[in-house]
Amino acid sequence: MLVGVDTALARKVAGVSGRVYAIASDGETQEGVFWETLLHGRQLKLDNLTVIVARTGNQESNLMEDIHPISSTALSKIAMYADWASLIIDGHHIDTIRNTLDWTLTLSVPSLIIANTISGRGVSFMEDRAEWCTRLPTPDELEEAYGELQ
């Protein structure tokens, strides 16, 4: 995420228009870099930066609530306290995503989008199972997953 801050700052200093998008997992919201990004984004007035958190509730091989719980609402409020615009959206609904990205173009502050999603959605043996954050499917599992997504 700091790369997003650096890129947004470089574009701003160089007078290059356009928006910078950084994507983070909800596990990253438990790291100092995430919180530094919120502080730097505000301090540097990075109105050209949007951070999207893919919020699944899973972190590697465990649930977020079992490690360091923080709700989407709390995360959004913290971002707003840091002078960011923030929305919580359905990360599976493409029209909502499009509309939210359009909304970020109208802002004069950095923006945080919390996209609530279900990891592995649409694949019965993967859906909402934390172990798939760090595991690759076998060839047979891959074939089964493709079959379920058809």
- Query: Do Ser111 and Thr104 have a side chain donor and acceptor closer than 3.5 Å?
  - Reply: no
- Do you know the tightest heavy-atom contact between Ala85 and Trp103? CB-CH2, 3.6 Å
- Message: Looking at Thr7 and Gly4, would you say the former's side chain and the latter's main chain have a donor-acceptor pair under 3.5 Å?
- Response: no
- Query: If you measure from NZ on Lys45 to CG on Asn48, what distance do you get to the nearest 0.5 Å?
  - Reply: 13.5 Å
- Message: For Ile118, is there any backbone N or O sitting under 3.5 Å from a side-chain donor or acceptor partner on His92?
- Response: yes
- Query: Taking atom types as modelled, is there a side-chain donor on Arg129 or Ser119 under 3.5 Å from an acceptor on the other?
  - Reply: no
- If Ile, Leu, Val, Met, Phe, Trp and Tyr residues are connected whenever their side-chain heavy atoms lie under 4.5 Å apart, and connections chain through other members, are Val13 and Leu49 in the same group? yes
- Report yes if the side chains of Leu101 and Tyr21 come closer than 4.5 Å at any heavy-atom pair, otherwise no. yes
- Task: Mind checking the CG-OG1 spacing from Asn116 to Thr96? Nearest 0.5 Å is all I need.
- Result: 11.5 Å
- Item | Rounded distance (nearest 0.5 Å) linking atom CG of Asp6 with atom NE2 of His40 | 8.5 Å
- Taking the side chain as every heavy atom from C-beta outward, state whether Thr100 and Ile52 have any pair of such atoms under 4.5 Å apart. no
- Query: Do any N or O atoms from the side chain of Arg11 and from the backbone of Val20 form a donor-acceptor pair under 3.5 angstrom?
  - Reply: no
- Is there side-chain contact between Arg19 and Thr50, with at least one heavy-atom pair below 4.5 Å? yes
- Note on the structure: The single option from Leu39, Leu38, Val33, Thr37 that satisfies side chain to side chain contact (heavy atoms under 4.5 Å, CB included) with Trp35 is Leu38
- Heavy-atom distance under 4.5 Å between the side chains of Thr73 and Lys77, does that happen here? yes
- Would you check if Val109 and Trp84 make a side-chain contact, meaning some heavy-atom pair closer than 4.5 Å? no
- Between Ala145 and Val123, what is the shortest heavy-atom contact and its length? CB-CG1, 3.8 Å
- Query: If you measure from CG on Leu112 to CG on Leu75, what distance do you get to the nearest 0.5 Å?
  - Reply: 5.5 Å
- Item | Of Ile88, Asp26, Leu87, the residue whose pairing with Ile114 passes side chain to side chain contact (heavy atoms under 4.5 Å, CB included) | Ile88
- Message: Using the rule that Ile, Leu, Val, Met, Phe, Trp and Tyr join whenever any side-chain heavy atoms are under 4.5 Å apart, tell me whether Leu46 and Val16 fall into a single cluster.
- Response: no
- Less than 4.5 Å apart, any side-chain heavy atom of Leu105 and any of Leu107? no
- Message: Less than 4.0 angstrom from a charged side-chain N to a carboxylate O is my criterion; do Asp47 and Lys12 meet it?
- Response: yes
- Task: Would you check if Pro137 and Glu143 make a side-chain contact, meaning some heavy-atom pair closer than 4.5 Å?
- Result: no
- Message: Tell me whether Val53 shares a hydrophobic cluster with Ile78, the cluster being built from Ile, Leu, Val, Met, Phe, Trp, Tyr side chains joined at under 4.5 Å.
- Response: yes
- Message: Between Ser124 and Glu148, do the side chains contain a donor N or O and an acceptor N or O under 3.5 Å apart?
- Response: yes
- Query: Do Leu149 and Leu142 share a hydrophobic cluster, counting only Ile, Leu, Val, Met, Phe, Trp and Tyr and linking them when any side-chain heavy atoms are less than 4.5 Å apart?
  - Reply: no
- Query: Around Phe125, counting heavy atoms of other residues, nucleotides and ligands shown, do more than 12 lie under 6.0 Å from its CZ?
  - Reply: yes
- Task: Measure from the side-chain N and O atoms of Glu144 to the backbone N and O of Glu141, and report whether any donor-acceptor pair falls under 3.5 Å.
- Result: no
- Message: Could you report the tightest heavy-atom contact between Ser86 and Met80, atom names first, then the distance?
- Response: CB-CG, 3.9 Å
- Item | Asp128 CG to Met126 CE distance, which is reported to the nearest 0.5 Å | 13.5 Å
